[in-house]
Visitor: 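Dumping the structure here so I can ask a few things about it.
Treat the numbers as computed from the prediction; the structure is a model and nothing was measured. Proteins get letters first, then strands, A, B, ... in listed order; numbering begins at 1 in each.
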Amino acid sequence: MTRWTSYIDESRKPYPFCPGCGHGLILDQINAALVKLQIDPRTIVVVLDIGCVSLCREFLTTNWMLGLHGRSVTYASGIKLANPNLKVFVLTGDGGVGIGGNHVINAARRNMGITVVLFNNLNFGMTGGEHSVTTPPDSITSTTEYGHLEQPLDVCATVAANGASYVARTTTFDENLSDLIAAGIANEGFSLVDVWEFCTAYYVPNNRYGRRQMEAMLERLEFRTGVLRSSPRPEYSRAYRQAVAGEAGRPTRPPQPIEARYTSRLSRRVACVISGAAGKKINTAAALLGRAAVGAGLWATQRSDYPVTVKTGYSISEVVLSPERVCYSGVTKPDLLVVLFPEGLARARPHLDTLTPADTLYLDSRLAPVQTAARQVLLDFGQTGAFVRKQEYWATMAVAAVLRDRHLFPLEALEDAIRNQSSYAEENLAAVAASEGLIKSST
Amino acid sequence: MREFITGAEAIGRAALDAGCDFFAGYPITPATPILLYMVKELPKVGGVAFQAEDELASIGMCIGAALSGARVLTATSGPGLSLYSENIGLAIMAEVPMVIVDCQRLGPATGAATTTGEGDVQFLRWGTSGGYPVIVLAPADAVDCYNLTRRAFYLSERFRLPVFVATDKETVATLSAVEMDRYLHEPVPKRNVAPADADHVPYRIGHPAEVPVMSPFGGPHLVRVSGASYNERGSRAWRPAELDRLNRHLAAKVDQAEDEIALVRADLQPGARTVVISYGISSGSVAEAVRLVRREGGEVSGLTVISLWPVPEQAIRDAIRDADRVVVVEMNLGQYRREIERLATDRQQVVGVNRVDGELISPDQILAEGGIL
Ligand SMILES: Cc1ncc(C[n+]2csc(CCOP(=O)(O)OP(=O)(O)O)c2C)c(N)n1
Ligand code: SF4
Ligand SMILES: [Mg+2]
């Protein structure tokens with residue numbers, strides 16, 4: 001059996017970090033943890049965040065990727081989701097956790113199988129010692145010259161409270177650092193190890209900061225060290241696969257060809273607009289009309305418009321039917337206008353004014369009278385038996401009434417379209433039958 | 001046989017047929033139906049579909065998955081595309097194949113979320129820092145949605161590049177009857193990966209336009225990927241010669257393949273002095289307008305640009321060669337007209353027919369404002 005003695009190319013050393021910088025110490029301890037665990041380097045992907053921490057990459061003898069600042073956890077999540085067998089790491093600075101905090105919290109919440117090692121030097125090293133989300137109060141940094149007024153983020157508490165299954169905090173002075181990291185790696189789910197360390201170029205000299213001050217600071221902030229949480233639960237990428245296992249191999253949604261079993265005598269393009277109320281299946285009825293037209297050998301389009309709130313206000317749908325392919329699906333003027341419910345009438349006003357005597361208005365009789373130049377057909381839903389109380393079928397009935405009135409194509413095409421749309425087929429077919437007496441009068 | 005289908009479903013089906021096995025996205029009108037479709041369908045083919053916490057994560061996850069061997073899709077609209085921006089740069093830099101569907105809606109910021117527009121046409125091309133080329137395909141109808149999504153997957157693998165399908169609310173949400181024999185079933189071959197038994201240098205190429213062979217994370221080779229300038233081994237590059245090699249390569253692989261990528265649909269009429277150019281949803285109206293003109297005995301040519309970027313310059317020049325007048329129809333205030341203007345000669349007049357009120361451009365508007373007839 002192969003034994004991996006190092007996951008770091010020792011021949012490339014020394015590290016390029018400033019003398020005394022903690023980054024190299026942490027990297028060595030990550031290496032020690034991996035050596036303990038003996039993981040095949042080809043199955044390891046280390047995702048590096050931006051900052052001095054990214055300089056670790058050149059030394060790794062594993063797979064690695066360097067992405068954008070703060071997004072390392074997102075690449076790591078994608079890698080894990082695509083291949084749950086990989087051991088995925090994120091090496092990030094405190095800056096990365098600041099700009100990408102949302103991802104860290106969400107990966108913790110999901111218990112995504114990633115081990116995050118936070119190189120926490122309390123400032124941005126690479127860009128010149130600016131403050132970060134973990135900078136303690138009263139620190140001097142290049143962007144807090146007049147005092148630092150912010151509360152530092154307790155990264156460990158945040159991820160622990162939000163579902164991380166392993167959380168530890170310590171410093172580069174901890175002799176057990178590699179064990180803490182190894183335990184994080186061994187955890188299948190989301191692990192985060194927050195390692196406090198020195199940025200000898202900025203934070204240390206600016207704040208007269210040493211080991212004693214670091215330890216005092218942790219105490220003052222009441223930031224406990226050691227293993228803060230170890231509570232294994234199902235890892236996301238595997239849990240997902242388990243959750244969807246029953247779907248595997250099932251046929252995907254096939255194409256839905258419509259057989260043209262009927263014919264139509266329609267010789268020109270006809271635009272039918274159905275204006276009604278949200279939640280009343282206006283679109284469903286309009287789509288049925290379109291589908292039925294295709295079943296009658298026509299071309300069709302159907303587009304809709306509704307306010308963002310889908311259960312209140314208007315709902316309007318435009319259907320274009322034509323013996324030729326419909327290239328332009330817009331409707332500047334309807335030939336047939338169906339108006340149901342008060343919301344539908346309000347929305348249809350602009351259309352009403354465009355109608356000519358050659359057009360037809362199909363009007364919910366409760367809304368009459370309406371001024372229009374068009375021929376008017378009143379629809380009396382009181383004549384539809386039990387359907388008078390089932391307003392979500394009114395639009396389908398209105399469509400049936402249009403077909404009865406105008407003979408655009410046989411009603412059977414509509415019934416076929418309903419049958420092929422499995423949901424609520426029986427009720428819709430009954431509604432079509434009940435539409436028989438719907439037309440009250442036409443003028 | 002005909003089908004009554006939305007562009008969204010056509011895109012989702014095409015993705016599955018092209019072997020897509022990973023999707024990550026964040027809900028946004030009008031792209032949400034694609035997310036829903038993938039969430040439902042991808043597990044059936046052993047894939048993963050994921051709603052991420054935001055668009056930064058959506059595209060980030062797609063990049064991670066693509067580098068691990070997945071064939072990835074994401075779909076969004078203007079606001080989400082804006083959040084994708086930085087990672088589009090990473091995908092260009094690290095040469096990550098992925099397909100991004102932009103379902104355009106009207107206006108900047110939140111805009112008019114449920115209305116249609118084509119305002120991202122320049123943003124798609126110039127939407128990330130650096131200015132390096134991408135490929136953008138614009139479907140004119142639901143059949144195009146299917147065919148071009150498939151082609152986008154092919155091109156993304158061929159060039160190791162994010163390839164965009166630039167569509168719009170109208171095209172993805174409208175149900176329309178399509179002739180099913182127009183669906184093309186060109187295979188999208190499996191990813192060309194480095195052979196297991198040979199040494200793999202992640203970004204080694206023989207000439208600037210060559211596309212390096214991939215090897216996935218977790219495969220037989222150690223893989224290094226970087227959004228920071230890198231040499232052929234993926235290590236940090238800093239020498240001017242290395243930087244020059246990398247940046248010229250990223251441009252050359254697309255720029256030198258214009259002929260391979262170029263796609264237009266020309267309906268040219270000999271002798272016509274007017275050419276009407278369009279793309280996306282307005283192409284249908286142009287087709288209708290052209291039909292009307294010819295029915296009246298008039299002469300007019302139509303040109304639908306399908307590969308918006310890189311601009312199919314030769315095809316456009318060929319189409320407008322004999323024209324006095326070029327009408328460019330688009331659902332923005334003339335973004336692509338700029339590209340046509342630079343290809344036109346001094347004696348050719350280029351006029352725009354534009355609309356930014358969420359309504360479709362009608363054939364009548366094209367005839368009137370285009371000064372045709
Ligand atoms: C989007 C973006 N904004 C800003 C930067 C500039 N930048 C580079 S590194 C960095 C901070 C790094 O700090 P930290 O994560 O703490 O890493 P360290 O250098 O301390 O190791 C910043 C802000 C960037 N690369 N990307
Ligand atoms: S600037 Fe700070 S973090 Fe960066 S290498 Fe130097 S000491 Fe380390
Ligand atoms: Mg830092």
Side-chain angles (χ1 to χ4, degrees), chain A residues 41-43 45 47 54 57-58 61-68 71 74-83 85-86 102-103 106 237 240 244 247-253 255-260 287 290-291 293-294 298-306 308 325-330 332, chain B residues 1-5 9 13 16 22 24 40-41 43-46 48 50 52-54 56-57 60-70 86-87 90 94 113-114 170 173-177 180 217-228 235-236 284-285 287-288 359-360 362-364:
Chain A
R42 279 169 309 194
T43 66
V45 186
V47 182
S54 72
R57 68 188 186 278
E58 301 289 350
T61 57
T62 64
N63 298 289
W64 56 254
M65 86 170 271
L66 170 63
L68 300 177
R71 312 302 154 205
T74 70
Y75 314 122
S77 297
I79 292 165
K80 188 71 184 173
L81 283 167
N83 185 351
N85 296 324
L86 296 176
N102 190 26
H103 310 309
N106 279 288
S237 68
Y240 174 89
V244 303
E247 295 299 301
R250 289 185 50 187
T252 53
R253 184 176 152 80
Q256 316 279 316
I258 299 173
E259 207 184 320
R291 221 173 282 278
V294 179
L298 294 171
W299 294 86
T301 59
Q302 183 256 326
R303 61 197 290 264
S304 50
D305 176 31
Y306 49 86
V308 198
R325 194 160 86 85
V326 182
C327 296
Y328 166 62
S329 57
T332 44
Chain B
M1 203 83 104
R2 287 178 200 161
E3 200 181 7
F4 200 48
I5 189 174
E9 177 161 357
R13 188 194 297 162
L16 294 182
F22 189 92
K40 194 161 183 166
E41 301 297 325
K44 299 176 183 172
V45 296
V48 174
F50 195 81
E53 59 268 27
D54 57 26
L56 301 162
M61 289 177 185
C62 285
I63 289 172
L67 291 170
S68 308
E86 194 189 6
N87 264 314
L90 175 62
T114 59
E170 194 63 32
T174 298
L175 277 163
S176 62
M180 292 179 68
F217 287 139
H221 308 106
L222 288 175
V223 178
R224 281 80 201 260
V225 175
S226 173
S235 286
R236 192 166 71 98
S285 302
E288 198 86 45
E359 297 290 327
L360 298 179
S362 69
D364 289 344

Visitor: Does a side-chain heavy-atom distance below 4.5 Å link B/P43 with A/Y240?
Guide: yes
Visitor: Please name the pair of heavy atoms, one in B/M61 and one in B/F22, separated by the smallest distance, quoted to 0.1 Å.
Guide: O-CE2, 3.8 Å
Visitor: So do A/T301 and B/F4 actually touch side chain to side chain, heavy atoms under 4.5 Å?
Guide: no
Visitor: Would a distance-only check, ignoring hydrogens and angles, find a side-chain to backbone donor-acceptor pair under 3.5 Å from A/N63 to B/F217?
Guide: no
Visitor: Side chain, backbone, both or neither: which part of A/S54 has a heavy atom under 4.5 Å from chain B?
Guide: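 Interface part for A/S54: neither.
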Visitor: Between the side chain of A/W64 and the main-chain N/O of B/R224, is any donor-acceptor distance below 3.5 Å?
Guide: no
Visitor: Can you tell which part of B/R13 gets under 4.5 Å to a heavy atom of chain A, answering side chain, backbone, both or neither?
Guide: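 Side chain only.
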Visitor: Output the distance between atom CG (A/L66) and atom CD (A/E58), rounded to the nearest 0.5 Å.
Guide: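 Going from CG on A/L66 over to CD on A/E58, the span is 9.5 Å.
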Visitor: What part of B/A228 gets within 4.5 angstrom of chain A, counting heavy atoms only: side chain, backbone, both, or neither?
Guide: both
Visitor: Hey, are A/Y328 and B/D364 close enough side-chain-wise for a donor-acceptor pair under 3.5 Å?
Guide: no
Visitor: If you tally heavy-atom pairs under 4.5 Å against chain A, which of B/A113, B/A173, B/P220, B/S226 wins?
Guide: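 The option with the most such pairs is B/S226.
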Visitor: Which bit of A/R325 is near chain B, if near means a heavy-atom gap under 4.5 Å: side chain, backbone, both or neither?
Guide: both
Visitor: Hey, which of A/N102, A/V47, A/N85 has the most heavy atom pairs under 4.5 Å with chain B?
Guide: A/N102
Visitor: Below 4.5 Å from any heavy atom of chain A, which atoms of B/L56 appear? Answer side chain, backbone, both or neither.
Guide: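 When you check distances to chain A, atoms from both the backbone and side chain of B/L56 fall under 4.5 Å.
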Visitor: Under 4.5 Å, counting heavy-atom pairs only, tell me which of A/N83, A/V244, A/L81 racks up the most with chain B.
Guide: A/L81
Visitor: With only heavy atoms counted, which part of A/R291 is less than 4.5 Å from chain B, the side chain, the backbone, both or neither?
Guide: both
Visitor: Which one, A/A300, A/S237, A/A76, A/A248, leads in non-hydrogen pairs under 4.5 Å with chain B?
Guide: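 Most heavy-atom pairs under 4.5 Å with chain B: A/A300.
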Visitor: Name the member of A/P255, A/P251, A/G67, A/G249 that forms the most heavy-atom pairs with chain B at distances under 4.5 Å.
Guide: A/P255
Visitor: Could you check which of B/E288, B/K40, B/E359, B/H221 has the highest count of heavy-atom pairs closer than 4.5 Å to chain A?
Guide: B/E288
Visitor: Taking every heavy-atom pair that is under 4.5 Å apart, which of A/T332, A/D305, A/L298 has the most such pairs with chain B?
Guide: A/L298
Visitor: Where on A/L86 is there a heavy atom nearer than 4.5 Å to chain B: the side chain, the backbone, both, or neither?
Guide: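 Looking at A/L86, just its side chain touches chain B.
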Visitor: For the candidates B/G46, B/A94, B/S362, B/A287, which exhibits the highest count of non-hydrogen atom pairs separated by less than 4.5 Å from chain A?
Guide: B/S362
Visitor: Might you point out which heavy atoms bring B/L175 and A/A287 nearest each other, and give the distance in Å?
Guide: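 The pair with the smallest heavy-atom distance is CD1-CB, 3.6 Å.
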Visitor: With a 4.0 Å cut-off on N to O distance, would you call B/E9 and A/R253 a salt bridge?
Guide: yes
Visitor: If you define the side chain from C-beta out and look only at heavy atoms, does anything of B/T174 sit under 4.5 Å from A/Q302?
Guide: no
Visitor: Could you state the interatomic distance from CD1 (B/I5) to CD1 (A/I258), rounded to the nearest 0.5 Å?
Guide: 10.0 Å
Visitor: So for B/L16, is it side chain, backbone, both, or neither that comes closer than 4.5 Å to the heavy atoms of chain A?
Guide: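 The answer is the side chain of B/L16.
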Visitor: Under a 4.5 Å cut-off applied to non-hydrogen side-chain atoms, are B/I63 and A/M65 in contact?
Guide: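 Touching, per the 4.5 Å side-chain cut-off.
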Visitor: Among B/M1, B/E3, B/K44, single out the residue with the greatest number of heavy-atom pairs under 4.5 Å to chain A.
Guide: B/K44
Visitor: If every non-hydrogen atom of A/V294 is compared with every non-hydrogen atom of B/A177, which pair is closest and at what distance?
Guide: CG2-CB, 3.7 Å
Visitor: Which region of A/T62, side chain (C-beta onward) or backbone (N, CA, C, O), has a non-hydrogen atom less than 4.5 Å from a non-hydrogen atom of chain B, or is it both or neither?
Guide: backbone
Visitor: Among A/T61, A/T43, A/T252, which has the most heavy-atom pairs under 4.5 Å with chain B?
Guide: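 Counting heavy-atom pairs under 4.5 Å, the top option is A/T252.
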Visitor: Taking every non-hydrogen pair under 4.5 Å, which of B/C62, B/G227, B/A57 racks up the most with chain A?
Guide: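 Winner by heavy-atom pair count: B/A57.
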Visitor: Against chain A, work out which of B/A66, B/S285, B/A70, B/G219 has the most heavy-atom pairs shorter than 4.5 Å and name it.
Guide: B/S285
